[in-house]
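Read the structure below first, then the notes.
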Amino acid sequence: MIANKTLNGLLRAGLAATAISLMASAWAQAPASLGAAPQRTVTQLYQQHCAACHGEQRLGGMGPALLPESLARLKKPEALAVIRDGRPATQMAGFGAQLSEAELKALGEWIYTPVSPAPRWADADIRTSRVETAGWKDWPAKPQWRADPMNLFIVVEGGDHHVSLLDGDKFEVIHRFPSRFALHGGPKFTPDGRYVFFGSRDGWITKFDLWNLKTVAEVRAGINMRNIAVSGDGQWVMAANYLPHTLALFDADLNLVKTYEARTQDGARTSRVSAVYDAEPRKSFVIALKDIAEIWEISYDRQAPPIYDGFVHDYKMAEGLPKDGFLGVRRTPLAEPLDDFFFSPNYAYALGASRPHDDGSPSGQVVNLDARRKIATLPIAGMPHLGSGITFDHGGRRVMASPNLKDGRISVIDMQTWQLVKDIETPGPGFFMRSHEATPYAWVDSMMSPKAKDTLTILDKRTLAPVAQVREPGKTLAHIEFTKDGRYALASVWENDGALVVYDASTFKEVKRLPMKKPVGKYNVFNKITRSEGTSH
């Protein structure tokens with residue numbers, strides 16, 4: 001979304017100072033057995049054909065970063081196909097006519113080798129990377145198109161790295177524009193629905209004006225980024241990074257305010273950051289760390305109380321050495337790290353899962369954010385995907401339900417006793433579960449199953465039983481999102497020649513189908529900013 005000239009300038013300014021020394025080290029450690037091409041030839045090939053777009057250090061530029069951390073979801077045969085054939089509707093040209101098969105394979109292997117020492121991305125690099133569109137503050141303060149701005153869908157199309165804006169009443173595309181490579185973690189909106197923020201795997205944050213259909217600003221927060229969160233008041237943006245091991249805090253215009261190193265209190269170890277989410281009722285960000293057994297809370301409330309790490313006899317007497325509560329790190333020690341989590345409706349609890357246990361015992365945790373400790377173990381076996389869990393009322397009690405990445409079941413948990421209410425069998429392990437307060441049904445996919453990935457199962461929240469299925473034979477059918485009134489459910493045919501399928505949420509009948517390029521996710525503005533029941537926050 002930024003002109004090539006600008007990106008090349010950013011690349012030179014942000015990376016040139018460290019590129020030479022790091023390149024020399026990386027080249028020296030490249031395996032000698034990369035296909036039939038000699039090692040020096042591999043580096044020459046990369047410099048000649050790839051560096052202008054992907055950066056001399058493979059940190060990215062016009063093209064994405066080419067690092068093992070950034071390519072984790074792209075299989076090597078798929079990467080080789082992109083090098084050989086290019087990527088349609090992008091600036092990635094294929095090199096099959098210019099390079100031999102051995103040279104193509106050598107490049108394909110080399111981009112999966114680590115850069116050593118690990119590349120750095122400091123505050124100066126972040127600030128240098130930032131660009132904004134001149135005059136954006138003078139753009140009209142109302143939508144320049146005809147549709148309900150609260151019933152707008154943001155559809156992320158991963159097949160050719162574009163975003164479509166969909167009218168949620170007419171189910172027609174209002175606008176389509178190119179995005180950064182591998183958007184992840186879901187877009188986040190300001191409270192008025194005007195601005196949306198996108199985060200990409202290779203660290204870029206984009207602020208886009210939905211009313212004027214233009215990019216406001218962009219900044220690169222890291223090299224490999226997990227997700228972003230936007231504060232409930234729309235004034236703060238936080239990025240969670242795998243590489244480097246940091247959190248980056250920005251103001252609403254993507255000016256860097258502060259970075260936090262994800263490090264233990266004694267300074268001995270650092271960690272990748274698994275996830276960051278906004279807890280609007282608490283006026284804070286809550287963060288999970290992948291390699292450190294802690295959950296962090298960072299308050300953006302200027303009246304936040306001071307932070308005391310460890311035990312204090314009487315904090316009212318100002319014993320101990322307090323830290324400023326505003327933008328300070330409040331640590332909650334855990335027995336094991338959390339990979340992902342979601343909140344209870346009152347935001348007093350974070351419900352997360354750690355890595356699967358070898359003995360098969362439950363790995364889900366209930367963390368009281370006020371008491372700052374784990375208070376229960378969730379009785380869910382396998383690999384619960386709690387980040388896609390939902391809550392709803394059942395029999396006069398609040399329950400949560402979570403899909404499972406390993407087993408074909410939905411686990412329903414009582415949120416007062418934290419005991420299992422029921423396991424609901426599904427055709428196969430799934431990734432997403434969604435519902436809406438206006439419908440008695442919840443929809444869950446089985447996209448992790450080779451045999452059942454084409455099936456969406458519809459559950460009755462009143463009876464906790466499956467009532468219907470919709471299928472897309474031979475395809476992957478996943479990720480439901482509802483219109484703001486809950487009348488329609490939109491699903492993704494998760495293929496490059498895929499589609500967005502609109503279903504009547506009461507009859508489960510198909511209403512409309514829009515061809516799209518692997519629509520990996522769709523997000524309704526109203527449901528997201530109001531924290532609608534049954535959608536991710």
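Considering only heavy atoms from C-beta on, Leu514 comes within 4.5 Å of Leu166 through its side chain. Side-chain contact between Leu249 and Ile298 is absent, with no heavy-atom pair separated by less than 4.5 Å. Using a 4.5 Å cut-off on side-chain heavy atoms (C-beta onward), Gln416 and Arg397 make contact. Between Ser532 and Glu437 there is a side-chain heavy-atom pair separated by less than 4.5 Å. Residues Thr535 and Tyr523 are not in side-chain contact: their nearest non-hydrogen atoms beyond the backbone lie 4.5 Å or more apart. Residues Pro427 and Thr457 meet the side-chain proximity criterion, which asks for heavy atoms closer than 4.5 Å. Ile295 has its side chain within reach of Val286: a pair of non-hydrogen atoms, C-beta onward, lies under 4.5 Å apart. Counting only heavy atoms from C-beta outward, the side chains of Leu67 and Asn224 never approach each other to under 4.5 Å.
Looking at residues two or more places apart in sequence or on another chain, you find a side-chain contact (heavy atoms from CB on, under 4.5 Å) between Arg84 and Leu80, Glu101, Leu104. Judged as a salt bridge (Lys or Arg N to Asp or Glu O under 4.0 Å), and not counting sequence neighbours, the contacts of Lys76 are Glu109. Looking at residues two or more places apart in sequence or on another chain, you find no side-chain hydrogen bond (donor to acceptor under 3.5 Å, both in side chains) involving Lys283. Remark: Glu172 engages no residue in a salt bridge (Lys or Arg N to Asp or Glu O under 4.0 Å) (not counting sequence neighbours). Applying the salt bridge (Lys or Arg N to Asp or Glu O under 4.0 Å) test to Asp497 and every residue at least two apart in sequence or in another chain returns Lys475.
Ser354 places a side-chain N or O within 3.5 Å of a backbone atom of Ser363 that can act as its donor or acceptor partner. At distances below 3.5 Å, not a single donor-acceptor pair connects side-chain atoms of His357 with backbone N or O atoms of Asp359. Using a distance-only test at 3.5 Å, with no hydrogens or angles considered, a donor-acceptor pair links the side chain of Thr483 to the main chain of Tyr488. In this structure a side-chain-to-backbone donor-acceptor pair under 3.5 Å is missing from His479 to Val520. For Ser274 (side chain) and Lys290 (main-chain N/O), a donor-acceptor pair under 3.5 Å exists by modelled atom type. A donor-acceptor pair is defined here as one N or O able to donate and one able to accept, closer than 3.5 Å; no such pair exists between the side chain of Ser388 and the backbone of Phe432. Side chain of Asn368 to main chain of Ala376: no donor-acceptor pair is present (N/O by atom type, distance under 3.5 Å, no hydrogens or angles). Between the side chain of Thr439 and the backbone N or O of Tyr441, at least one donor-acceptor pair lies under 3.5 Å. Here the side chain of Lys406 pairs no donor or acceptor atom with the backbone of Asn404 at under 3.5 angstrom. Side chain of Asp148 to backbone of Gly168: no donor-acceptor contact under 3.5 angstrom is found.
A cation-pi contact, defined as under 6.0 Å to the ring centre and within 45° of the axis, links Lys207 to Tyr195.
Residues Pro337 and Leu289 approach most closely at CB-O, 3.4 Å, considering heavy atoms. Contact between Phe197 and Thr190 at its shortest, heavy atoms only, is CE1-CG2, 3.8 Å. Here the shortest heavy-atom pairing between Phe153 and Glu481 reads CE2-CG, 3.6 Å. The minimum heavy-atom distance between Gly387 and Asp340, with the atom names listed, is CA-OD2, 3.6 Å. Contact record, Ser435 with Ile390: CB-CD1, 3.8 Å, taken as the closest heavy-atom pair. The minimum heavy-atom distance between Ala288 and Leu338, with the atom names listed, is CB-O, 3.7 Å.
Atoms CG and CE, on Leu378 and Met415 in that order, are 9.0 Å from each other to the nearest 0.5 Å. To the nearest 0.5 angstrom, Ser200 atom OG is 12.0 Å from Asn227 atom CG. Here Met383 contributes atom CE and Asp407 contributes atom CG; the two are 10.0 Å apart, rounded to the nearest 0.5 Å. Put simply, CG on Asp454 and CD on Glu472 are 8.5 Å apart, with the number rounded to the nearest 0.5 Å. One finds the CG atom of Leu459 at 8.0 Å from the OG1 atom of Thr426 (value rounded to the nearest 0.5 Å). Expressed to the nearest 0.5 Å, how far CZ of Arg282 lies from CG of Asp370 amounts to 4.5 Å.
Counting only N and O atoms by type, the side chains of Asn524 and Asn151 include a donor and acceptor under 3.5 Å apart. With 3.5 Å as the limit, one finds a donor-acceptor pair spanning the side chains of Glu297 and Ser284. When only modelled atom types and interatomic distance are considered, Ser164 and Glu157 share a side-chain donor-acceptor pair under 3.5 Å. Between the side chains of Asp209 and Asn212, a donor-acceptor pair is found at a separation under 3.5 Å.
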Expected list for residues 232-239: side-chain donor-acceptor pairs under 3.5 angstrom, two or more places apart:
| residue | atom | partner | partner atom | Å |
| --- | --- | --- | --- | --- |
| Asp233 | OD1 | Ser231 | OG | 2.5 |
| Asp233 | OD1 | Gln235 | N | 3.0 |
| Gln235 | NE2 | Asp233 | O | 3.4 |

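With salt bridges taken as basic N to acidic carboxylate O contacts below 4.0 Å, none links Lys509 and Asp504. A salt bridge links Asp460 to Arg462: one of the charged nitrogens lies within less than 4.0 Å of a carboxylate oxygen. Classification of Glu533 and Arg398 as a salt-bridged pair holds, one side-chain N sitting under 4.0 Å from a carboxylate O.
Annotation for Arg487: atom CZ does not count as buried by contact number, only 12 or fewer foreign heavy atoms lying within 6.0 Å. For Lys484, the NZ atom sits in a packed shell: over 12 heavy atoms of surrounding residues, nucleotides or ligands are nearer than 6.0 Å. Other residues, nucleotides and ligands contribute only 12 or fewer heavy atoms inside 6.0 Å of the NZ atom of Lys517.
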Worksheet item: Should Asp169 and Lys512 be marked as a salt bridge (charged side-chain N to carboxylate O under 4.0 Å, His left out) after you check the CA-CA gap, both sets of side-chain angles, and the distance that decides it?
Response: CA-CA 12 Å; Asp169 293 308; Lys512 191 171 184 178; over 6 Å; no
Practice prompt. Check the pair Arg330 / Ser299 against side chain to side chain donor-acceptor pair (under 3.5 Å), numbers first and verdict last.
Written response: CA-CA 8 Å; Arg330 190 182 301 272; Ser299 177; over 6 Å; no
Worksheet item: Please walk me through it: do Arg180 and His161 pass side chain to side chain contact (heavy atoms under 4.5 Å, CB included)?
Response: CA-CA 7 Å; Arg180 286 282 175 181; His161 308 294; over 6 Å; no
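His394 and Phe392 have perpendicular rings, their planes meeting at more than 60° on a 0 to 90° scale where under 30° would count as parallel. Ring geometry, Trp418 versus Tyr349: the interplanar angle exceeds 60°, so the pair is classed perpendicular (tilted spans 30 to 60°). Phe198 and Phe177 have perpendicular rings, their planes meeting at more than 60° on a 0 to 90° scale where under 30° would count as parallel. Taking the six-membered ring where the residue is Trp, Trp443 and Tyr503 present tilted rings, their angle falling between 30° and 60°. The aromatic rings of Tyr277 and Phe341 sit perpendicular, their planes meeting at an angle over 60°, well past the 30° parallel limit.
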